[in-house]
Amino acid sequence: MSAAQHQALVLGSVSFVAFIFFLCFLLPSQRTKFSVFDACNLLFVALTFGAVALLDLSGGRAEIMVAVMTELPVVLIVAWVCLALAGGLPAQLGTLPAAPVARRPWLRAILMSAPFVLLLSVGLATTVGLVWPSPALRVYAPAPAQFFVWKGLIMAPEGFYSGLAAVVFMMAGRTPGLKRRIYFKNLTFSIGMVCIASIALESTVFAGLRVWLSGEGRRAILETLNTLEAGLAISCILAFTAGLSLRYTPAVATTLLHRLQTGWLRTQEQFESLEWQAVSSGVADRLTYASEAVVAACRIRGLSESDTQKALATIRLVAVMRDPSSETQHITPTAARKLYELQEEILCDDILASKISWAAGWRSRAHETQTVKSAPLHDALKAALELVDNHREGEGVKTPPLWYYIVAASAADAKMIDPAHLSMQLRDGAEHRAAVEAYDAARCALRRFEDHD
Amino acid sequence: MVNVDVPTRDLTVPFLDRLAGLWRPFRNLGAARSGANGSRSLLTAAEFQEELAILGLSGRTFEPEDYSDALGDFLDISITVHVIPDSWYPELSRLLALSGRLGELRYSEQLNMAAIFVPGSLPPLVLTLTILHELGHLAAGDLLIEPDEPFEEDDQHAEQATFETLSLKKGKKLARGYPFARESLREREANLRASYALFAGCLGNDSPYALDMHDVL
């Protein structure tokens, strides 16, 4: 077996073992488009090196063609990686660029050029190799100068783009606050690309030594470099395998996020903005007095600001839902119930419920935030539905808070709801009596205030 | 809703207009290649994540103030948000509500500044989304549309996947695509930007789109 066949056997065996590993362990559990592409490339490389190891392919042009075939999978992988980093892959394979690339249009342009430059250089190298054949597969044989040109044409762009990709992976991994698994994934890919860049550099040096080095130490130097190349190839395959094994599933799935954006957020915004428009434009004319009385009654009973806001939100909702005007026609008990159910869906998911929040005010010093749970609307929706929707009388509030009774008293007084619809259970309690007393006191105070004016 | 302060014109304007008219066919030739006066689909969450990466906000939790500051820095304009308390201008909320609007964006090309006005009585979520909506118009470059390019509003093709876009006068925008020719689509896209921004700001690096930008293979 010649040195070339021996080298091909080593690289072919490594590629084949890696392919089997991909097939048995990686693809069934961690399948990505890139891992499938990688597996196909590994099989192709293993078959090509296997053919070189088993068959005697000596002869200038045949050697050039086989050598180009063995380089092609690596070139394709580098091109794929560069395109993926630039966000240039077709939509079904993923369209987002790596974060550091998105900020740098020039970097994106360079990475996008990778497939064209790499394939052009391979084409050019093939032409050069076929016009001026050289012993590409006879590893230690002396070679003419055109062999260096042939090798350099493939290796220079391959080394440049893989080195650039390694830097981008490193930059992507160093983003502050990134999950540890994603950091290591980028690190392993960066190591893999550094290995490819190192192989490209080593191959170019190797080609130069074959052309220009002579003397006793020549063989030993070339053998050392050959061993180094095999080591780098194994490291590269191991790094990519490790990188592809590291998968991270986001806490919030894309489909769920899309459903929240088009479902809950859209519904809540429409609901709240329509309600605001109805209230601000004075459509719900019964509301002004009722809301003032509710706030005053809450203050008389010493309720917290949060409970007062809930009471206010509830009386607003009841007023708007009971208003027959066209401006408020979309705020119906059905719409309110739909929104409430969407909110409940979010509250079932602890991560979402804790993460989705919005500022209570613009540039507020206290940086107060509201969540679905803490915003007054959630409890207000439930309370307003209880008061307005007669069909749900049986599912009444089990132990309503005091603010609920105050709203009920106010809504009944303003003829927004029929007092008969308040269940006996609610009307007979001490809380209800206390709320009615507070409401009556608030109403008297407001009347005195108006008379005074 | 958007209002643009068109700069006052002097005697040189007719001459410049004529020059612009001569230049337009050449400019449009180049613009057609990059998507101006072409067509595109509505902004996706992934494309918005790319915009956030440009602003340096991808994978970070942020508030509308941060988005406004980053956008202002990128566009090289001053963006101020004025939340007007109802007690200052009691009529503002009523007038806005009657006109079916929630806020207003004013942009002055000459002063290099934009101002967003929103009533303080808006519910917090609506206030946040309204501010983000108006910022979305700035990001999209909706205020840079040539005022002299008329476009027929046509609702017949509302469901098509791609929609016609317009060319822009000189100015900077964050979006890759050009603004839609139809105002209703520009409003729809500003709504999309607002909802994407709200979720991206809340989720930070838990956003699947932010994760995709660090996990490309």
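Letters A, B, ... mirror the listed sequences (proteins, then strands); counts begin at 1. Nothing here was measured: the structure is a model prediction, and the numbers come from that model.
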request  = Give, for atom CD of A:E269 and atom CG of B:L129, the distance between the pair rounded to the nearest 0.5 Å.
outcome  = 4.5 Å

message = On a heavy-atom basis, which atom in A:L257 and which in B:P208 lie closest, and how many Å separate them?
response = CD2-CD, 3.8 Å

message = Please classify the contact between A:A375 and chain B as side chain, backbone, both or neither, with a heavy-atom cut-off of under 4.5 Å.
response = neither

request  = Look up atom CD in B:E63 and atom OG in A:S357, then write down how far apart they are to the nearest 0.5 Å.
outcome  = 7.5 Å

inquiry  = Heavy-atom pairs under 4.5 Å with chain A: which of B:L55, B:L217, B:V126 has the most?
reply    = B:L217

message = Quick check on the interface: out of B:G204, B:G59, B:S121, who has the most heavy-atom pairs with chain A under 4.5 Å?
response = B:S121

task = Could you tell me which residues satisfy side chain to side chain contact (heavy atoms under 4.5 Å, CB included) with A:K179, sequence neighbours excluded, listed by chain and number?
result = A:I182, A:Y248, B:N205, B:D206

request  = Verify side chain to side chain contact (heavy atoms under 4.5 Å, CB included) between B:V216 and A:F169, making sure each step is shown before the conclusion.
outcome  = CA-CA 9 Å; B:V216 294; A:F169 276 123; 4.1 Å; yes

inquiry  = How close do B:Y209 and A:L96 get, counting heavy atoms only, and between which atoms?
reply    = O-CD1, 3.5 Å

key: B:L125 vs A:L265, side chain to side chain contact (heavy atoms under 4.5 Å, CB included): CA-CA, chis, key distance, verdict   = CA-CA 9 Å; B:L125 179 66; A:L265 188 63; 4.1 Å; yes

ask   = Do you know which two heavy atoms are closest between B:A53 and A:A102, and how far apart they sit?
value = CB-CB, 3.6 Å

request  = With a 4.5 angstrom heavy-atom cut-off, could you sort out which part of A:L260 is near chain B: side chain, backbone, both or neither?
outcome  = both

message = Can you pull out every salt bridge (Lys or Arg N to Asp or Glu O under 4.0 Å) where at least one residue sits in residues 42-55 of chain B? Sequence neighbours excluded, please.
response = A:R108-B:E50, B:E50-B:R176, B:E51-B:R193

message = With a sphere of 6.0 Å drawn around NZ of A:K373, does it hold more than 12 non-hydrogen atoms of other residues, nucleotides or ligands?
response = no

CZ/A:R266: more than 12 non-hydrogen atoms of other groups inside 6.0 Å = no

ask   = Which one of A:W358, A:W276, A:F37 has the most heavy-atom pairs closer than 4.5 Å to chain B?
value = A:W276

inquiry  = If you count heavy-atom pairs within less than 4.5 Å of chain B, which of A:K185, A:R104, A:M171, A:Q270 leads?
reply    = A:K185

request  = Looking only at non-hydrogen atoms, find the nearest pair between B:M213 and A:P97 and report the distance.
outcome  = CE-O, 3.2 Å

query = chain B heavy atoms under 4.5 Å from A:F189: which part of the residue, side chain, backbone, both or neither?
reply = side chain

query = If you measure from CG on B:L127 to CD on A:E272, what distance do you get to the nearest 0.5 Å?
reply = 11.0 Å

ask   = Between CZ of A:R103 and CZ of B:F74, what distance do you get to the nearest 0.5 Å?
value = 12.5 Å

ask   = In terms of heavy-atom pairs under 4.5 Å with chain A, which of B:D212, B:L211, B:T128 leads?
value = B:L211

message = For A:Y183, I'd like to know if atom OH has over 12 heavy atoms of other residues, nucleotides or ligands within 6.0 Å.
response = no

request  = Please tell me if the side chains of A:Q261 and B:L198 come closer than 4.5 Å, counting only heavy atoms from C-beta onward.
outcome  = no

